[in-house]
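Encoded as structure tokens, the structure appears first; notes follow it.
Predicted, not measured: the structure shown is a model, and the values here were computed from it.
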Amino acid sequence: MSFLGRSGGSSTGVNPERVEMAVQELDMITDVFNRLVSSCHAKCISTRYAEGDLNKGESVCIDRCVSKFFEVNKRVGEKLQSMGGNAPSGQSAFGSL
Amino acid sequence: MSFLGRSGGSSTGVNPERVEMAVQELDMITDVFNRLVSSCHAKCISTRYAEGDLNKGESVCIDRCVSKFFEVNKRVGEKLQSMGGNAPSGQSAFGSL
Amino acid sequence: MSFLGRSGGSSTGVNPERVEMAVQELDMITDVFNRLVSSCHAKCISTRYAEGDLNKGESVCIDRCVSKFFEVNKRVGEKLQSMGGNAPSGQSAFGSL
Amino acid sequence: MDFSSMNAAEQAHMSKVIEKKQMQDFLRMYSNLVERCFNACCNDFTSKALSSKEEQCVMNCTDKFLKHSERIGARFAEHNAERESTVPEQH
Amino acid sequence: MDFSSMNAAEQAHMSKVIEKKQMQDFLRMYSNLVERCFNACCNDFTSKALSSKEEQCVMNCTDKFLKHSERIGARFAEHNAERESTVPEQH
Amino acid sequence: MDFSSMNAAEQAHMSKVIEKKQMQDFLRMYSNLVERCFNACCNDFTSKALSSKEEQCVMNCTDKFLKHSERIGARFAEHNAERESTVPEQH
């Protein structure tokens with residue numbers, strides 16, 4: 001992992017909150033990656049499975065699919081932010097506690 | 001959060017089991033809420049997305065959908081209970097350990 | 001639980017890594033079990049729900065379904081292993097960090 | 001939910017747990033929304049850029065999903081309030 | 001699964017972990033069952049109450065799902081037992 | 001992701017967390033792959049053994065899914081690299 005070579009922080013000892021946030025970011029990245037894999041598989045891969053290689057059409061489709069997915073990700077993120085970022089408390093199940 | 005104002009418990013210090021159970025209940029509520037959102041979306045929301053507002057038909061459908069979902073929740077819960085509550089150990093994967 | 005009667009280990013105190021691995025194995029088993037239930041339900045169970053019992057055809061289908069599922073599990077496992085076990089780092093989201 | 005049987009330390013702990021879960025819930029809702037609207041709106045992969053029609057669809061999909069969730073949340077809260085007022089508290 | 005290589009403290013810890021997971025599994029199975037039977041049985045939203053036909057469907061769906069899971073569990077256990085008897089233990 | 005603002009202890013902790021998550025991710029990918037290829041390839045339950053046609057389908061499905069994931073991973077990495085080079089670091 002590239003980050004092991006860098007020495008950014010200065011203090012010693014683990015700050016639980018900083019680690020917590022990094023773990024949450026990792027989980028988020030994994031979640032997005034898995035949804036991306038699943039969505040683009042549904043959009044681009046024929047389920048006849050006549051061969052094990054990606055054909056030209058599938059490969060091109062995947063690249064465009066990823067690109068569009070990230071654009072959707074950006075648009076949705078902007079939309080949520082424009083709504084004042086009140087979403088975190090707005091539509092969760094805990095709003096009803 | 002409303003519960004912060006109340007002072008119910010008497011002892012001090014965190015009882016891990018009590019907290020554990022409350023966390024489990026929270027997870028359960030979130031899980032039910034997410035399934036409710038997803039099921040009623042599939043039942044009531046047209047995926048043409050010609051507009052961003054809920055129309056009258058969709059709104060009415062959502063209300064009835066939530067109502068029916070809770071009734072199903074109740075019926076299934078009663079059924080599980082009538083089976084003697086032996087379900088927790090009965091059909092889990094750990095039955096085969 | 002059957003394992004409580006056995007006394008295999010010799011040292012005392014909890015080895016976090018050993019426990020961690022056992023928990024991960026439990027999670028894996030549960031995950032496989034849940035996918036098996038869901039897949040074979042989709043393959044074998046009619047969703048008309050005219051009766052609450054499994055009929056003969058459904059019962060036979062379930063048994064064969066489980067058998068085939070495990071064979072697929074084995075084939076896929078062998079395939080992943082034949083690829084040099086480089087999969088863990090290969091296609092995870094963290095490959096892109 | 002009723003946390004009144006908890007002492008102050010437990011309530012403080014729970015409010016931290018809830019705060020963390022709300023963040024996780026929000027992130028999960030966000031990526032779920034992206035996946036949902038992408039799947040519903042993007043079906044043409046002859047281009048790598050979103051068409052204006054797709055973009056409009058994504059905006060409407062997001063809008064509608066949030067309003068949908070909000071409405072479900074309101075009904076959900078009513079249901080829980082109703083249940084708590086009829087079921088006697090467990091002490 | 002084989003926990004025989006664990007010491008007593010580890011086995012006690014695992015049995016607590018398993019107990020907790022069984023509870024979580026049960027709750028998950030419960031809400032999964034509700035979702036599954038709701039989706040299969042409820043398709044008419046001209047009324048907010050369950051029709052008797054829908055209720056019957058939900059009862060059958062629940063029944064059948066539990067029997068289905070039980071049967072899968074039995075085959076699953078047989079499979080694991082078979083595998084453990086043929087594969088030498090790792091020590 | 002940028003872990004440069006972390007001290008050595010935190011970075012060491014994160015690399016342990018990542019290692020554990022990679023294992024979990026791999027196991028999850030494995031069972032997801034089994035489910036996916038089983039669902040796509042097995043539709044005949046008049047026999048309990050995989051037919052050679054089904055087996056070939058499962059092999060191709062596995063192959064293709066791994067190549068698919070790899071390609072997605074490559075695009076994902078490019079995207080993240082691009083974003084990091086254009087967005088100023090937050091300090």
Side-chain angles (χ1 to χ4, degrees), chain A residues 16-17 19-21 23-45 56-97, chain D residues 1-3 14-51 54-63 65-81 83-84:
Chain A
E17 267 176 48
V19 165
E20 176 76 54
M21 274 187 58
V23 170
Q24 223 168 42
E25 197 179 338
L26 277 183
D27 287 344
M28 172 75 178
I29 289 175
T30 309
D31 188 36
V32 171
F33 180 77
N34 288 337
R35 291 176 195 263
L36 189 54
V37 166
S38 166
S39 288
C40 293
H41 199 277
K43 298 287 184 189
C44 298
I45 308 295
K56 184 76 191 150
E58 289 170 329
S59 301
V60 172
C61 180
I62 291 170
D63 294 352
R64 290 172 179 161
C65 182
V66 173
S67 177
K68 280 205 177 185
F69 191 94
F70 277 122
E71 218 175 316
V72 170
N73 189 70
K74 204 175 144 220
R75 289 280 168 277
V76 171
E78 287 164 357
K79 181 95 185 167
L80 288 178
Q81 224 156 10
S82 79
M83 299 175 104
N86 63 344
S89 60
Q91 39 270 113
S92 100
F94 303 130
S96 55
L97 291 179
Chain D
M1 269 185 94
D2 183 15
F3 294 103
M14 280 311 295
S15 91
K16 265 200 177 169
V17 169
I18 289 175
E19 198 184 313
K20 189 182 142 193
K21 281 190 186 299
Q22 279 180 327
M23 189 62 197
Q24 286 175 337
D25 277 7
F26 174 69
L27 292 177
R28 189 161 205 79
M29 185 274 281
Y30 176 15
S31 55
N32 174 35
L33 193 49
V34 170
E35 184 185 34
R36 180 182 290 278
C37 296
F38 174 81
N39 288 345
C41 297
C42 300
N43 288 300
D44 168 30
F45 296 98
T46 56
S47 149
K48 65 170 234 167
L50 274 186
S51 71
E54 287 172 329
E55 192 176 327
Q56 188 57 53
C57 178
V58 167
M59 293 294 92
N60 288 342
C61 172
T62 303
D63 241 353
F65 183 82
L66 294 176
K67 283 166 186 161
H68 170 71
S69 296
E70 225 171 306
R71 193 171 188 104
I72 301 266
R75 294 297 91 79
F76 197 78
E78 282 168 20
H79 175 86
N80 285 349
R83 215 181 43 162
E84 269 176 41

Applying a strict 4.5 Å limit to non-hydrogen atoms, the region of E20(A) in contact with chain D is side chain

Residue among V58(D), I72(D), N39(D) with most heavy-atom pairs under 4.5 Å to chain A: N39(D)

In sequence, state the C-alpha distance, the side-chain angles, and the governing distance for L36(A) and E35(D), and then conclude on side chain to side chain contact (heavy atoms under 4.5 Å, CB included). CA-CA 8 Å; L36(A) 189 54; E35(D) 184 185 34; over 6 Å; no

Quick check: does any side chain N or O of S31(D) sit under 3.5 Å from a backbone N or O of V32(A), one acting as donor and the other as acceptor? no

Carefully, step by step, assess N73(A) and Y30(D) under the rule side chain to side chain contact (heavy atoms under 4.5 Å, CB included). CA-CA 9 Å; N73(A) 189 70; Y30(D) 176 15; 3.6 Å; yes

Rounding to 0.5 Å, atoms OG1 (T62(D)) and NZ (K79(A)) come to a distance of 7.0 Å

Looking at F38(D), I'd like to know if the NZ or CZ of K68(A) sits under 6.0 Å from its six-membered ring centre while staying within 45 degrees of the ring's axis. no

For D63(D) and M83(A), the nearest pair of non-hydrogen atoms, with its separation, is OD1-CE, 4.1 Å

With a sphere of 6.0 Å drawn around CD of E19(D), does it hold more than 12 non-hydrogen atoms of other residues, nucleotides or ligands? no

Taking the side chain as every heavy atom from C-beta outward, state whether L66(D) and L80(A) have any atom pair closer than 4.5 Å. yes

Just verifying a value: how many Å separate E71(A) CD and L50(D) CG, rounded to the nearest 0.5 Å? 4.0 Å

Quick check for you: to the nearest 0.5 Å, what is the distance between E17(A) atom CD and K20(D) atom NZ? 11.5 Å

Is the side chain of K43(A) donor-acceptor paired with the backbone N or O of C42(D) at a distance under 3.5 Å, no angle test? yes

Nearest-0.5 Å distance that lies between atom CE in M23(D) and atom CE in M28(A): 8.0 Å

Taking C-beta and beyond as the side chain, do V34(D) and R35(A) meet within less than 4.5 Å on heavy atoms? no

Taken to the nearest 0.5 Å, the spacing of D31(A) CG from R28(D) CZ works out to 5.0 Å

